[in-house]
Trainee: 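Okay, here's the structure, questions in a sec.
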Amino acid sequence: MTYYEDPLEDYLKDPDRRAKLFMIFTGLMIISTFLIAIGTIMFILLTLNII
């Protein structure tokens with residue numbers, strides 16, 4: 001059985017890299033929330049033939 005180091009675990013050992021990755025994921029979650037909300041509003045408006 002061979003043991004290998006997890007690349008993500010190795011990457012996250014550095015606190016600066018961990019903070020940078022956290023900021024990227026936080027930004028992506030905020031942006032995706034707005035995109036889902038805008039898409040839902042557009043779908044409702046298109047379904048009701050308002051647009």
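Remember, it's a predicted structure, so these values are computed and weren't measured experimentally.
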Trainee: Is Leu48 linked to Leu46 within one hydrophobic cluster, defined over Ile, Leu, Val, Met, Phe, Trp and Tyr using a side-chain heavy-atom separation of less than 4.5 Å?
Mentor: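 Leu48 and Leu46: one cluster.
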Trainee: Following the transitive rule for hydrophobic clusters with a side-chain heavy-atom cut-off under 4.5 Å over Ile, Leu, Val, Met, Phe, Trp and Tyr, establish whether Leu8 and Phe25 coincide in one cluster.
Mentor: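 Yes.
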Trainee: Hey, are the side chains of Met42 and Ile51 touching, using non-hydrogen atoms and a 4.5 Å cut-off?
Mentor: yes
Trainee: Keeping Arg18 on the side-chain end and Leu12 on the backbone end, is there a donor-acceptor pair under 3.5 Å?
Mentor: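 Here the side-chain-to-backbone pair exists.
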Trainee: Same cluster for Ile31 and Met29 if Ile/Leu/Val/Met/Phe/Trp/Tyr side chains link at under 4.5 Å?
Mentor: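 No, because Ile31 and Met29 fall into different hydrophobic clusters, even though each may have its own neighbours under 4.5 Å.
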Trainee: Are Phe34 and Ile36 connected into the same hydrophobic cluster when the rule is that any two of I, L, V, M, F, W, Y join if their side-chain heavy atoms are below 4.5 Å apart?
Mentor: no
Trainee: When clusters are formed by joining ILVMFWY residues with side-chain heavy atoms under 4.5 Å apart, either directly or through shared neighbours, do Phe43 and Ile41 land in the same one?
Mentor: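 Different clusters.
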Trainee: If I take atom CD1 from residue Ile30 and atom CG from residue Leu35, how far apart are they, to the nearest 0.5 angstrom?
Mentor: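 CG of Leu35 is found 12.0 Å from CD1 of Ile30.
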